[in-house]
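Structure first, then comments.
Nothing here was measured: the structure is a model prediction, and the numbers come from that model. Position 1 is the first residue of the sequence; numbering continues from there.
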Amino acid sequence: MGIKNKGFISGLLGFLFLDGLLLCLAADIHYYDFALQEANFTKMCSTKSMLTVNGSFPGPTIQARKGDTMFIKVINQGTYGVTIHWHGVKQPRNPWSDGPENITQCPIAAGTSFTYEVILSTEEGTLWWHAHSDWTRATVHGAIVILPAAGTTYPFPTPYKEQTIVLASWFKGDVMAMITNSIATGTNPTQADGYTINGEPGDLYDCSNETTYRLSVEYNKTYLLRIVNAVMNEEQFFGIANHSLTVVAQDAAYIKPINTTYIMITPGQTMDVLFTANQTLSHFYMAASPYHDSVLTFPNSTATAIVQYEGNYTAPSSPFFPTLPAYNDIDAAQKFTNSVKSLANEEYPISVPERINTRIYIAVSLNALRCSNSSCDTADGDRTAASLNNVSFDTPQIDILQAYYGSLNYVFDPDFPSEPPVFFNFTGDVSNVSMYTAQGTKARMIDYGQAVEIVYQGTNLGAASSHPMHLHGFSFYLVGTGSGNFNSVTDPTNYNLVDPPELNTVNLPKNGWAAIRFVADNPGVWFMHCHIERHATWGMDTVLIVKNGTTPNTSMLPRPTYMPPCS
């Protein structure tokens, strides 16, 4: 896949090449080069140049074992600044390498490089990496495979083979030009032209038959699919025709196995899924189609790949097709999401905080901002916005981590509200509630070691929809979720404190709520945002700053010698 693994690798016993991926066996330190570079791609009957890592789409899969460290040198050979985020990696005490632009670093300028230190800790399973600058993650992303620590194995029978499956969006046009124009004019971003599976749209799209991704399988063998949803703005249903799926992990944490015919996976989430090739020798579609619960328009099309059995048989004229839920089947989406429970056994224990020190209640809304001096090219003169507790995040020009570390008090305000400034019937009739919000660069300060509960409350403002909320620097426990307005007296009595799923991205249901808990034991500056890209662009973001503890081992690591300078 074009990864260059260079330099000394501690404890290296040997190399193994598998599907173009360089595996580092019995190693605890890994080195990779990522070259950000333009490359030409032809899909859906048109050709364009776009930013990639090492010329591939999706980008290279990187692999390590639980507890390893990776040094990834990002060499920017493109034309604009970019950062990379290691999605779901907790980066203990090391926000310096977390990556969101102007939150923990300024962009890596064209013609320069920056080396990330990616520290793995408790994560085990599948995560992913992606650009975290404007909409560059549309083309700059790839999987992270975290194998069990040496001497240990999976909590399920070892599969015959593993395969990474990356779901993504495809835009025929220049994504960066599109979002730059959208921000400048206040108009909504252009929709994607379709979806891809491992970089290919599949033969339901024009000019895509010959390049459709194919997974070759042997009869009666079990395969592990490491599924990443890198789609920009739509949640996805996924399934394989005539085959049952067994979900065994989500967001690099093991779960009680779920036997199902489909999964619902939000942008930002990852899932590890087993399936056994136990059908009659033939061809079967693997398909991903959108789950969309908003009144806004969306690309309602299906990406496909083909699972083809090895052996002698006559291939069908058309592969068998899976039965997936309808795009607006809220019940199917919630049924799957609610079935996810932590494995929570002796070998993989969990520790859910029960006594809470810090409670934060966050109203999650779509809003509007007034455009001064008729600066927006929209019908009503307003631009679409989004907010958390009625604060639409305004990204600064100096990164917040540098400002916090260097006591630059003018960059952000440490007063993000712990509850909405105004309470109303969040999920009911909001016709008398103002759509307008205000911009601000605010962070929420949290003392080290605090047990934190955050309740995300969806609202009916704007176009109500679900929101995949992602928190950097932590995994958290989803202890409760429900429809309507959160009731702080009755709803906590139904919390799951026994085996809640451990996630880094939670799906806040449309006009509902979700409650998460975690211990703030990772000092640093950590971004929190919706992983639907247009919502994040509109301001559905904030920052949690966990203060240092009282010892060096409970404090942030020192600032690296070099960080990309802010322009």
Side-chain angles (χ1 to χ4, degrees), residues 44 163-170 191-205 208-209 212-215 217 223-248 250 255 257-279 282-294 296-308 316 318-340 465-466 468 505 507 509-510 532:
M44 299 184 196
Q163 179 60 54
T164 300
I165 300 292
V166 179
L167 313 179
S169 303
W170 185 258
Q191 294 180 8
D193 293 289
Y195 308 103
T196 60
I197 296 177
N198 283 0
E200 299 298 341
D203 56 19
L204 301 186
Y205 293 96
S208 302
N209 184 57
T212 296
Y213 173 73
R214 294 172 181 266
L215 176 63
V217 298
Y223 295 79
L224 175 62
L225 302 182
R226 298 180 176 273
I227 303 174
V228 175
N229 187 355
V231 172
M232 296 293 280
N233 292 306
E234 291 82 29
E235 299 171 306
Q236 298 282 303
F237 289 119
F238 173 92
I240 301 174
N242 296 12
H243 289 75
S244 295
L245 307 177
T246 302
V247 188
V248 293
Q250 182 171 330
I255 66 172
I258 302 170
N259 295 317
T260 181
T261 58
Y262 71 93
I263 65 172
M264 197 287 285
I265 183 168
T266 72
Q269 286 182 337
T270 59
M271 293 184 188
D272 293 0
V273 177
L274 297 169
F275 82 98
T276 300
N278 56 8
Q279 299 299 303
S282 191
H283 290 186
F284 301 86
Y285 272 126
M286 173 191 299
S289 63
Y291 165 56
H292 186 79
D293 55 12
S294 169
L296 297 177
T297 59
F298 68 102
N300 189 9
S301 60
T302 300
T304 58
I306 295 174
V307 174
Q308 57 183 46
S318 179
F320 295 97
F321 205 90
T323 300
L324 296 178
Y327 75 87
N328 57 355
D329 192 337
I330 294 176
D331 290 340
Q334 282 301 110
K335 179 182 178 182
F336 176 80
T337 299
N338 292 341
S339 68
V340 180
S465 67
S466 52
T505 304
N507 188 47
K510 176 183 179 180
I532 291 178

Single hit among N229, L225, I263 for side chain to side chain contact (heavy atoms under 4.5 Å, CB included) with M271: I263

side-chain hydrogen bond (donor to acceptor under 3.5 Å, both in side chains) against Q236, all qualifying residues, sequence neighbours excluded: none

side-chain hydrogen bond (donor to acceptor under 3.5 Å, both in side chains) partners of Q269, counting only residues at least two apart: T266

N259 side chain reached by S244 side chain, heavy atoms, under 4.5 Å: no

Side chain to side chain, N300 and P290, heavy atoms closer than 4.5 Å: yes

Between CD on residue Q334 and CG on residue D329, distance to nearest 0.5 Å: 11.0 Å

Worked check of side-chain contact (heavy atoms from CB on, under 4.5 Å) between Y285 and D203: CA-CA 10 Å; Y285 272 126; D203 56 19; 2.6 Å; yes

Side chain to side chain, R226 and L224, heavy atoms closer than 4.5 Å: yes

Residues which pass ring-ring contact (aromatic ring centres under 6.0 Å, His included) with F298, listed by chain and number, not counting sequence neighbours: H292, Y327

Pairs where residues 227-246 contributes a residue and the test salt bridge (Lys or Arg N to Asp or Glu O under 4.0 Å) is met, not counting sequence neighbours: none

With T323 via side-chain hydrogen bond (donor to acceptor under 3.5 Å, both in side chains) - residues at least two apart: none

Partner residues of Y262 under the side-chain hydrogen bond (donor to acceptor under 3.5 Å, both in side chains) criterion, sequence neighbours left out: none

Partner residues of A287 under the side chain to side chain contact (heavy atoms under 4.5 Å, CB included) criterion, sequence neighbours left out: T302, T304, F321, P322, L324

Under the side chain to side chain contact (heavy atoms under 4.5 Å, CB included) test, residues paired with S339 that sit two or more places apart: I258, F336

Y213: partners by ring-ring contact (aromatic ring centres under 6.0 Å, His included), with sequence neighbours left out: none

Residue list, side chain to side chain contact (heavy atoms under 4.5 Å, CB included) with Q191, at least two apart or on another chain: T297, P299

Set of residues satisfying ring-ring contact (aromatic ring centres under 6.0 Å, His included) with respect to F275, sequence neighbours excluded: Y223, H243

